[in-house]
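For reference, the structure is listed below as structure tokens.
The analysis underlying the following values was restricted to heavy atoms, covering all of them including side chains, and did not include hydrogens, waters or symmetry mates.
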Amino acid sequence: MCQTGPGQPGLPTRLVAGLFILKHMHNLSDEVLCGRWIENPYYQYFCGELSFCHRLPFDRSSMTRWRQRLGEEQLVALIQESLSVAHKTGAIGPQDLERVVVGTTVQPKAVAHPTDARLMHRAITKLVGLAKRNRVPLRQSYLRLAKRAAIMVGRYTHAHQFKRARRQLRFLRTRLGRIIRDIRRKIDGDAALEARFGPLLDLAQRVRSQDQHQRGPKVYALHAPEVECIGKGKARAPYEFGCKVSIATPVTSPKGGQFVLHAKALHGNPFDGHTLGPVVADMEKFTGVEARRIHVDKGYRGHNHPHRLRVWISGQVRRVTASIRREMKRRAAVEPVIGHVKAEHRMDRNYLKGRVGDRINAVLAAAGYNFGLLLRWLAELLRAIIRAFAETVPAQNIA
């Protein structure tokens, strides 16, 4: 994990990789993973320990630093290793990598549902708290009045009294503007305080000035300003707040299951068709196999893949043969894969910070899903070997 040189020696790479695999394979938080690692000898052996350990050889917060140090570029090797093991054990073949299906989903961030009242009240609270910690005196904090106004906005809206709700929103917006101007007057000329207050003041000003009908990026969470509002046309969730993620899986039926061939977080809420070219290029670089047929849904119409004749859009009629028609019927195979990755491998709610955390969580969730399939595949192989060995050994007569 660390380069050789002065300082404390780094921990083994197998320990770090094993912890990340176990965390996302069993859908565990960092704290729960550390607790289970101490009491589970199988976890310790998987991470490279030769004897049972009664205490952690690392601090729990080290996992956060490991993720930041490695980044997406290094953690992609876990997906590559899972596919390599699957190929060596016969769970997936080269022909499965030539015909793939690509789809997108939303990776929600761990944020509350954004409303104007909640965001402005949160901005007031954070600005007043930061001013108190830095001993910046304010004329008035408005904490009690802002809390009351935020509560009344929800009550009036629920009662369909929208005129009163808008009045309380104006009250919050006015008080937030007063606090912003007061803090800027008090820190004017102090470079240290200006650098400390600058990011939060900019976010608070954006929250105060943004409108429901404005175009362009907005602030949906003060602790995660990179969150985007994405609508996928779902009746149960018209809008989701996070980032878009591209998932690729074989369109065939591999023996070991539908492995994830590629996973990547895409920021900026791009059009699906504009992501197909880079995603397929990355996937071919990881797997080492050129994709002959790529099946996508109708959201990819107008894509940017250089080989347009290799892309098949659902509902397409021209040039469709019988074999291609059978593959097009299996395009929806990516949907249960997305469901399993989100529900069982920590992609349904991302707790990692920033855009780097979005990319890391998508890669680790895909790796955890692949290693879960490998675990079941190796268990089936072991049962088959034991069954074959039992059939070849003659049964002993018991007197």
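For the pair E290 and R310, the salt-bridge criterion is met [side-chain N within less than 4.0 Å of a carboxylate O]. Salt bridge status for K244 with D272: present, with a side-chain N to carboxylate O gap under 4.0 Å.
Residue-environment remark: CZ (R36) stays at or below the threshold of 12 foreign heavy atoms within 6.0 Å. Annotation: K88, atom NZ; neighbour count of heavy atoms from other residues, nucleotides and ligands within 6.0 Å does not exceed 12. Annotation for F52: atom CZ counts as buried by contact number, over 12 foreign heavy atoms lying within 6.0 Å. K132 NZ: 12 or fewer foreign heavy atoms inside a 6.0 Å radius. Around the CZ atom of R185, the shell of radius 6.0 Å holds more than 12 heavy atoms that belong to other residues, nucleotides or ligands. R122 CZ: 12 or fewer foreign heavy atoms inside a 6.0 Å radius. Around atom CZ of R184, more than 12 heavy atoms belonging to other residues, nucleotides or ligands sit under 6.0 Å away. Heavy-atom contacts from other residues, nucleotides or ligands closer than 6.0 Å to CG of L50 number 12 or fewer.
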Quiz: residues 157-172 side-chain donor-acceptor pairs under 3.5 angstrom, not counting sequence neighbours:
residue	atom	partner	partner atom	Å
T157	OG1	V153	O	2.7
Q161	OE1	R164	NH1	3.1

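The two residues R208 and R181 make their nearest non-hydrogen contact at NH2-NH1, 4.3 Å. When every heavy atom of A263 is checked against every heavy atom of A362, the shortest pair comes out as CB-O, 3.9 Å. When all heavy atoms of E72 and I360 are compared, the pair lying nearest together is N-CG1, 4.0 Å. Residues R14 and F46 share a closest heavy-atom pair of NE-O, 3.3 Å.
Residues R349 and P108 form no side-chain contact, since every pair of their non-hydrogen atoms from C-beta on lies 4.5 Å or further apart. Contact check for R330 versus V101: no side-chain heavy atoms found under the 4.5 Å cut-off. Side-chain contact between L33 and M63 is present, with heavy atoms from C-beta onward closer than 4.5 Å. You'll find the side chain of L276 reaches within 4.5 Å of the side chain of N304, heavy atoms only. The shortest distance between side-chain heavy atoms of L78 and N370 does not fall below 4.5 Å. In this structure, the side chains of R346 and K23 come closer than 4.5 Å at one or more pairs of heavy atoms. The closest side-chain heavy-atom distance from H121 to L176 is not below 4.5 Å.
Side-chain atoms of K353 and T64 form no donor-acceptor pair, as typed in the model, at a separation below 3.5 Å. No donor-acceptor contact under 3.5 angstrom links the side chains of D297 and S314, judged on distance only. Side-chain contact annotation: H295 with E327, donor-acceptor N/O pair under 3.5 Å present.
Between the side chain of Q44 and the main chain of I38, a donor-acceptor pair closer than 3.5 Å is present. Checking side-chain atoms of R308 against main-chain N and O of H303 turns up a donor-acceptor pair under 3.5 Å. Looking at D59, its side chain does come within 3.5 Å of a backbone N or O of S61 through a donor-acceptor pair. In this structure, E98 contributes its side chain and V289 its backbone to no donor-acceptor pair below 3.5 Å. Within the 3.5 Å criterion, the main-chain N or O of H307 finds a donor-acceptor partner in the side chain of H305. Remark: side-chain polar atoms of T249 are paired, donor with acceptor, to backbone N or O of F259 under 3.5 angstrom. D202 contributes no side-chain N or O that, together with a main-chain N or O of P199, makes up a donor-acceptor pair within less than 3.5 Å.
Taken together through direct or relayed side-chain contacts under 4.5 Å among Ile, Leu, Val, Met, Phe, Trp and Tyr, L70 and Y351 form parts of separate hydrophobic clusters. Under the 4.5 Å side-chain heavy-atom criterion for grouping Ile, Leu, Val, Met, Phe, Trp and Tyr, V85 is connected to L97 within one hydrophobic cluster. A continuous path of Ile, Leu, Val, Met, Phe, Trp and Tyr side chains, each step under 4.5 Å between heavy atoms, connects I180 with L130, placing both in one hydrophobic cluster. At a threshold of 4.5 Å between side-chain heavy atoms, the hydrophobic network of Ile, Leu, Val, Met, Phe, Trp and Tyr places I79 and V337 in one connected group.
A cation-pi arrangement, defined by a distance under 6.0 Å to the six-membered ring centre and an angle within 45 degrees of its axis, is present between R319 and W312.
One finds the OG1 atom of T104 at 10.0 Å from the CZ atom of F271 (value rounded to the nearest 0.5 Å). Here CG of L193 is found 12.0 Å from CZ of R135. Values are rounded to the nearest 0.5 Å. One finds the CD atom of Q140 at 8.5 Å from the CZ atom of R144 (value rounded to the nearest 0.5 Å).
With respect to N361, the side chain to side chain donor-acceptor pair (under 3.5 Å) criterion is satisfied by exactly one of K109, Q107, R67: Q107.
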